[in-house]
Structures are given as C-alpha cells and as structure tokens.
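Being a predicted model, the structure only gives us computed values, none of them experimental. FYI, the numbering just counts along the sequence from 1.
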Amino acid sequence: MHVLIATDGQLAAEPAAELAARLAGTDGQVTILSVVEVPRRLLSDLRTAFGDITPQAISVDHETVDVRETVRTEHSGWPGDDAVIERYLSDQGKERTLGLVKALRDKGYEPAVDVREGEQPAADVLRAVDQLGVDVLCIGSHGKGLFEGLLGSVGTKLIRLSPCPVLLIRKRN
C-alpha cells in the first residue's frame, strides 16, 4: 500500500507516522509531500538585499551624453534565481517534513520526500496522488479555519476531490 502524507509542517508527526506505518504495513511505501508557495517578492527582496541593483549608471548614445537611468546588473556573487528558488524549496521542505521523517525512521520506514512548488496546494496534492499511484492520502486538521475543528479550504477540497480514501489526522489534546 502506498500512503501519502500531505503536510504544511503543522501535522503532528508522531500520530501521523503511527497511522501511516500501520496502513503501509511491512511491504508498503510512505511518501511525505509538502507544497511550497514561493512568495513572488522573494527574488526581488533578496536581490536588493544582496546588492545587485546599481542605483544609477551613465548612458551615452549618439544624441545625448550624461543621461542617467537605472540599470540592473547581476552581482558577481549572485547564485541566480533558479538556485535561490531551489534553496528556498529545499529549506522549506526540510523544515516542514523533518519531524515526520524522523518519526517514520524511528518506526523502521525510509519515507520518500516530495517537495513541490505550487500556488494551489489542493490541486498539487491531487496531482501527486494521481502521479504516484497513492492508495491512501493522510492530511491534518489544525483547526485554523473559520470555525475551530473544521477543515480549512485545502483539506475540504482534498476530501471532496480525492480519488482515494482520505485519512484525517487530528492533533491530540
């Protein structure tokens, strides 16, 4: 059995690992998925902080001399936008899945970890369910919706639209 645990980092690791291990059995597979939204201003803010924007540069053409304009140049040490995004995804993925990975390893499982960039977590989780051939989807409820105890919009969409059974894991009080 293939069990997918979808998490935003708020899922209680021990109960989730316990249930996933029981469901997967000795021959099963457990995958931990986290969908990370990359803030649109991230690269701009990091470039500015890194110092790759030169405030003014002189432009010389055939008609005018000493016309000032803002010129954006890459700083010699800037790793590039793709590298920065990959690092951000990696850091966020580790932060969100570390507890689950440790709890599953303690139970004798070596989970696969899948961190994806996305703006629509429900759609991205459902896409992963199809792509990975998942038998059971595990999600958490952390009561941050409008009414305490109810699912948020992502959890509600997953329960309504998932092609496989969905197991809701609540925090124990």
Side-chain angles (χ1 to χ4, degrees), residues 1-47 79-171:
M1 177 172 286
H2 190 172
V3 179
L4 177 66
I5 304 172
T7 185
D8 62 358
Q10 301 297 312
L11 186 59
E14 288 301 323
E18 178 66 33
L19 289 168
R22 283 187 196 172
L23 289 169
T26 57
D27 297 330
Q29 178 181 357
V30 179
T31 301
I32 302 168
L33 171 69
S34 190
V35 177
V36 177
E37 182 176 354
V38 177
R40 294 295 157 219
R41 291 194 49 159
L42 175 69
L43 291 174
S44 175
D45 291 348
L46 287 174
R47 279 192 207 111
D81 293 355
D82 291 342
V84 170
I85 289 173
E86 286 301 316
R87 174 66 186 265
Y88 181 79
L89 289 173
S90 174
D91 290 349
Q92 286 293 306
K94 286 177 186 170
E95 183 179 315
R96 293 176 178 199
T97 63
L98 186 63
L100 278 167
V101 169
K102 182 182 179 323
L104 283 161
R105 284 182 179 157
D106 289 348
K107 296 186 180 324
Y109 287 86
E110 187 58 44
V113 176
D114 187 350
V115 179
R116 299 180 181 203
E117 179 184 359
E119 293 179 15
Q120 299 176 337
D124 293 318
V125 170
L126 292 171
R127 196 171 301 113
V129 166
D130 286 336
Q131 290 171 347
L132 300 173
V134 171
D135 297 303
V136 177
L137 171 61
C138 297
I139 63 171
S141 169
H142 40 77
K144 291 187 179 178
L146 184 58
F147 301 104
E148 188 171 332
L150 296 180
L151 288 173
S153 61
V154 173
T156 301
K157 287 176 188 174
L158 291 173
I159 287 174
R160 282 188 17 248
L161 301 173
S162 177
C164 68
V166 178
L167 176 63
L168 180 64
I169 303 169
R170 296 184 330 163
K171 281 187 178 179

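The side-chain heavy atoms of P163 and L126, taken from C-beta on, include a pair separated by under 4.5 Å. The side-chain heavy atoms of V115 and Q92, taken from C-beta on, include no pair separated by under 4.5 Å. With contacts defined as side-chain heavy-atom distances shorter than 4.5 Å, the pair Q29/L132 does not qualify. Within the 4.5 Å cutoff, the side chain of K102 has no heavy atoms near those of the L98 side chain. In this structure the side chain of L100 never reaches within 4.5 angstrom of the side chain of P111, judged on heavy atoms.
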Inset, instruction - Mind running side chain to side chain contact (heavy atoms under 4.5 Å, CB included) on C138 and L19 for me, showing each step along the way? - result: CA-CA 9 Å; C138 297; L19 289 168; 5.7 Å; no
Inset, instruction - Assess whether side chain to side chain contact (heavy atoms under 4.5 Å, CB included) is satisfied between L168 and I139, documenting all intermediate values. - result: CA-CA 5 Å; L168 180 64; I139 63 171; 4.1 Å; yes
Legend entry - Full working for side chain to side chain contact (heavy atoms under 4.5 Å, CB included) between V101 and R105: CA-CA 6 Å; V101 169; R105 284 182 179 157; 3.5 Å; yes
Legend entry - Check against side chain to side chain contact (heavy atoms under 4.5 Å, CB included), V125 and V154: CA-CA 9 Å; V125 170; V154 173; 5.8 Å; no
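Atom-to-atom distance recorded for D114:CG and I5:CD1 is 13.0 Å, nearest 0.5 angstrom. Atom CD1 of residue I169 and atom CD of residue E14 lie 12.0 Å apart, to the nearest 0.5 angstrom. Taken from CG in L104 to CD in E18, the straight-line distance is 10.0 Å, to the nearest 0.5 Å. Considering CG of D130 and OG of S162, their distance stands at 8.5 Å, rounded to 0.5 Å. A distance of 4.5 Å separates CD of Q131 from CZ of R116, quoted to the nearest 0.5 Å.
With hydrogens and angles ignored, the 3.5 Å screen pairs a side-chain donor or acceptor of D135 with a backbone N or O of H2. The backbone N or O of T7 lies less than 3.5 Å from a partner atom in the side chain of S34, making a donor-acceptor pair.
Summarising the geometry of D8 relative to L11, their closest heavy-atom pair is OD1-N, 4.4 Å, with the distance given to 0.1 Å. Of all heavy-atom pairs between V129 and C164, the closest is CG1-SG, 3.9 Å. Taking each heavy atom of V30 and Y109 in turn, the nearest pair found is CG2-CD2, 4.2 Å. Annotation for A103 and A13: closest pair CB-O, 4.0 Å, computed over non-hydrogen atoms. Nearest approach of L23 to V3, heavy atoms of both residues: CB-CG2, 3.8 Å. When all heavy atoms of P121 and V35 are compared, the pair lying nearest together is CA-CG1, 4.0 Å.
Using a cutoff of 4.0 Å between basic side-chain nitrogens and carboxylate oxygens, R127 and D124 are scored as salt-bridged.
Counting non-hydrogen atoms of other residues, nucleotides and ligands closer than 6.0 Å to NZ of K107 gives a total above 12.
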